[in-house]
**Student:** 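To start, I am sharing the structure in question, which I have written as structure tokens.
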There are 4 protein chains.
Amino acid sequence: MPKTGMEPIRRKALIGATIAEIGALGSLDVTMGKIAKRAGVSSALAHHYFGGKDDLLLAAMRHLLMQLGLSVAAELKQAHSPEQRLAAIINASFADSQFSKATVSAWLSFYVQAQSSVRAARLLRVYTKRLHSNLVYDLKKLTGPGRADETAKAVGAMIDGFYIRHALQGHALQRDEMIGIINRYWRLSIVA
Amino acid sequence: MPKTGMEPIRRKALIGATIAEIGALGSLDVTMGKIAKRAGVSSALAHHYFGGKDDLLLAAMRHLLMQLGLSVAAELKQAHSPEQRLAAIINASFADSQFSKATVSAWLSFYVQAQSSVRAARLLRVYTKRLHSNLVYDLKKLTGPGRADETAKAVGAMIDGFYIRHALQGHALQRDEMIGIINRYWRLSIVA
Amino acid sequence: MPKTGMEPIRRKALIGATIAEIGALGSLDVTMGKIAKRAGVSSALAHHYFGGKDDLLLAAMRHLLMQLGLSVAAELKQAHSPEQRLAAIINASFADSQFSKATVSAWLSFYVQAQSSVRAARLLRVYTKRLHSNLVYDLKKLTGPGRADETAKAVGAMIDGFYIRHALQGHALQRDEMIGIINRYWRLSIVA
Amino acid sequence: MPKTGMEPIRRKALIGATIAEIGALGSLDVTMGKIAKRAGVSSALAHHYFGGKDDLLLAAMRHLLMQLGLSVAAELKQAHSPEQRLAAIINASFADSQFSKATVSAWLSFYVQAQSSVRAARLLRVYTKRLHSNLVYDLKKLTGPGRADETAKAVGAMIDGFYIRHALQGHALQRDEMIGIINRYWRLSIVA
DNA sequence: AATGAATGAGCCTTCATTCAT
DNA sequence: AATGAATGAAGGCTCATTCAT
């Protein structure tokens, strides 16, 4: 067994364990010890690779953000019209990888943390802005710029709102239903 | 000289301090000591009146819920048509009393806590259901029951979503804009 | 047993335990836990009353400084000539209360800490300056101001130097011998 | 490609880094990691060559002692009378190599460590005795053995005391002033 | 009615040290 | 010759909670 090159492996494992732990606890009140144990290493190692708890949490957040970005990119690749692109963006937000209990919990927790952590807030704003400009970009082709902005805001709020309800109501809402509601909304909105 | 009848005064003060402290911190990582100090009493007294931290937090949540209920009732009193009633319900969610930084922070934090606390989850579900059935009740008069349910879900999600964004983006969004978007949405939806 | 008014008692006990612990260990590598245990309380209480380790250490230092001040004042009360006053000042530095192993160890440790702690350095400078000006005040009456300054510096250095050697050589040096050497020095110096 | 004959180079580098680090920190609260990094090697290597932290610290101390010995020898080579020899010994204690911030800090720290480490105490006693007998050797030629012993003790205390003050008062004292005071002292003392 | 006193438990973090390569 | 990987142990600090008054 090679003793070198463990760093990326450990980092990945620790980030995964962080998200899993947040999902299991349903909050950011996770301990380095528990995360490390879940990743199969000592808590000292987690500090060694990440510097501290905040940094590990942020790294996990960045990971989530990146995954979402990949998800969007993948869906967009198969979209060939503004309408298809809009559906793709919304689909990506509810992709499997984004819709597991752990991931939803983590996102929700990060929302809260963003209120007290500047760095977390910055990261989240990246997500919000990216989503918004993605939506506006295609909506503008289908309607005026004013309506596009408003519709994009509403769609963003709906996505986040459904996330909350999903986490809250024991995942009782069907994914397709949420997607359907949102899609029907913007179709309605652009012709209004 | 110990005074009599202090209990309700202390309870109110402590609940107010709890919400204020959550607002100041932006999270539920709030200490009994800080809350008690803010309320001008010892932390031992907070325990005396509420039993423990969880109970105090729950009581604060219940207070928020009640305030929202009152807000809705007040707005509904002046509404005389289904359309007016729907606008009133939405207005209530964004009433001054519900829209301060502290209150928004507290709500958001309670969302998260609901993932790990059965009691908190139960309370939040009361809110969700009440809002939903309130909306459905009036929407049904304007459209079919199927559409009413879907529209109510979407409106609920939008309200929560805008809450998040409000807390997140430094309260940059205008209240009237959010209300307008939501109202336009259900008007559109019921005629679709 | 009265439950109130414990604070001064605990503070005193903790400061005493701090000095004792430093003496026992011979360094500032002392733990809050050990100190607290020696004082018969929990480490949490030590934090409660002092805020943190640094503050407790500084408080102990201040205590030492104050004790030395009292020692000097007591000796000076019985001195009625410059010569007697000089002897009194030197005597005070080697008074019983200043000359126990624990106290000497603590002083020595504080010297070192003063290199990295601004607050410790400030406190020590108070001591250094006070001693110097005390000495100069009386020396000036016996000799010129230039000689007085130099002699005072030398006497100060000798006191500190003997402290070190005392701590170092297992307290092999006799107190009277040290006092004698120093006293003979300044008597020699002022007539030179 | 592993090189051969690196051991003495690494040892020297590590000892130098140790003293530098102590100087930078102003205390012995120095970590193997930092020392190793300063020396440009891994902390594992420091252990490999020295066995442990205590041993590295002791080695650094021995290095300081040796340097002082060389300094004394060098100065003595040009001294041809007891008086010149005494001045030479004192000069050596304040030679450049002994008087840098790092070195002074290290010496002071070692004084403290000697209270808890038998080996450190032993080393320091070597220094103390060597200095004392060096001084006595020449003083005896100029005065009686009783006076010689006392004067040597006082000179030793003064040297250590000035060291402390030098470290303490931000190196405000001039080297020549200290040397002058000490030299005037023993000249005075032997004729008394 | 209210509080000062006190603590146990737990968490983050640091660090010397070991080991396989 | 040298290091990355990894950890156990320990310390400072916080906090909810209890209790006697």
Side-chain angles (χ1 to χ4, degrees), chain A residues 1-7 9-10 29-36 40-56, chain B residues 1-7 9-10 29-36 39-57, chain C residues 1-7 9-10 29-36 40-56, chain D residues 1-7 9-10 29-36 39-57:
Chain A
M1 53 184 123
K3 264 292 181 184
T4 196
M6 296 301 288
E7 175 155 359
I9 297 172
R10 297 304 189 201
D29 284 337
V30 293
T31 72
M32 290 295 274
K34 296 264 187 64
I35 291 172
V41 298
S42 73
S43 75
L45 197 68
H47 278 92
H48 177 64
Y49 281 129
F50 284 94
K53 191 184 183 179
D54 282 356
D55 304 87
L56 176 51
Chain B
M1 46 186 140
K3 288 172 192 169
T4 249
M6 294 301 287
E7 174 155 357
I9 296 172
R10 298 301 189 203
D29 282 339
V30 107
T31 73
M32 291 294 275
K34 295 262 186 67
I35 292 172
V41 299
S42 74
S43 72
L45 197 67
H47 276 90
H48 179 62
Y49 279 132
F50 286 93
K53 190 183 184 181
D54 284 353
D55 304 88
L56 176 52
L57 254 29
Chain C
M1 49 183 126
K3 262 293 178 182
T4 196
M6 296 301 289
E7 175 155 356
I9 297 171
R10 297 303 188 201
D29 283 339
V30 105
T31 74
M32 291 295 276
K34 297 263 186 64
I35 291 173
V41 298
S42 72
S43 76
L45 197 68
H47 279 94
H48 178 64
Y49 281 129
F50 284 94
K53 191 182 183 181
D54 282 356
D55 303 87
L56 176 51
Chain D
M1 51 188 138
K3 287 172 193 169
T4 251
M6 294 302 287
E7 175 155 357
I9 296 173
R10 297 303 188 200
D29 283 339
V30 108
T31 72
M32 291 294 274
K34 295 263 188 67
I35 292 173
V41 299
S42 74
S43 73
L45 196 68
H47 276 90
H48 178 63
Y49 279 131
F50 286 94
K53 190 182 184 182
D54 283 354
D55 305 270
L56 175 52
L57 253 28

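Note that the coordinates shown come from a computational prediction; the quantities given were computed from them, not determined experimentally. Chain A is the first sequence line, chain B the second, and so forth, proteins listed ahead of strands; every chain is numbered from 1. Side chains are part of it too, since the values below use all heavy atoms of this structure and drop only hydrogens, waters and symmetry mates.
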**Student:** Hunt down the Watson-Crick or G-U wobble partner of E:dT17, both distances under 3.5 Å, from any strand shown, or write none.
**Tutor:** F:dA6
**Student:** Whole-Å distance between F:dG12 C1' and C:Met32 CE?
**Tutor:** 8 Å
**Student:** Within this structure, what is the NE2-to-P distance between D:His47 and F:dG4, rounded to whole angstrom?
**Tutor:** 15 Å
**Student:** Please confirm whether the backbone N or O of A:His47 pairs with a side-chain atom of A:Lys53, one donor and one acceptor, at under 3.5 Å?
**Tutor:** no
**Student:** Looking at every non-hydrogen atom in both residues, tell me the closest pair between B:Tyr49 and B:Arg10 and how far apart they are.
**Tutor:** CE1-CB, 3.5 Å
**Student:** Name the residue closer to the 5' end of DNA chain F, choosing between A:Tyr49 and B:Ser43 according to the nucleotide with the nearest heavy atom.
**Tutor:** A:Tyr49
**Student:** Whom does F:dA1 pair with, Watson-Crick or G-U wobble, provided both distances fall under 3.5 Å?
**Tutor:** none
**Student:** Between C:Lys34 and A:Leu45, who's closer to the 5' end of DNA chain F by nearest nucleotide?
**Tutor:** A:Leu45
**Student:** Checking contacts here: which listed nucleotide (F:dG4, E:dA6, F:dT17) is nearest the side-chain heavy atoms of D:Ser42?
**Tutor:** F:dG4
**Student:** Between F:dA5, E:dT18, E:dA6, which one does the side chain of A:Glu7 approach most closely?
**Tutor:** F:dA5
**Student:** Could you check which residues of residues 50-57 of chain D get a heavy atom under 4.0 Å from DNA chain E? Sort them by number, please.
**Tutor:** D:Gly52, D:Lys53
**Student:** To the nearest 0.5 angstrom, please state how far the CG atom of D:Leu45 sits from the NE2 atom of D:His48.
**Tutor:** 6.5 Å
**Student:** Can you check the D:Ile35 CD1 to E:dC15 C1' distance for me, whole Å?
**Tutor:** 12 Å
**Student:** What pair of heavy atoms forms the shortest contact from A:Asp55 to A:Phe50, and how long is it?
**Tutor:** CB-O, 3.0 Å
**Student:** Rounded to the nearest Å, what distance is computed from the NE2 atom of residue D:His48 to the P atom of nucleotide F:dA1?
**Tutor:** 6 Å
**Student:** Give a yes/no answer on whether the side chain of C:Arg10 brings an N or O atom under 4.0 Å of OP1 or OP2 in E:dG4.
**Tutor:** no
**Student:** From the options E:dT3, F:dT7, E:dA5, select the nucleotide whose nearest atom is closest to the side chain of B:Ala44.
**Tutor:** E:dT3
**Student:** Which one, E:dA2, E:dT7, F:dT7, comes nearest to the side chain of A:Val41?
**Tutor:** F:dT7
**Student:** Please name the pair of heavy atoms, one in C:Ser43 and one in C:Gly33, separated by the smallest distance, quoted to 0.1 Å.
**Tutor:** CB-CA, 4.1 Å
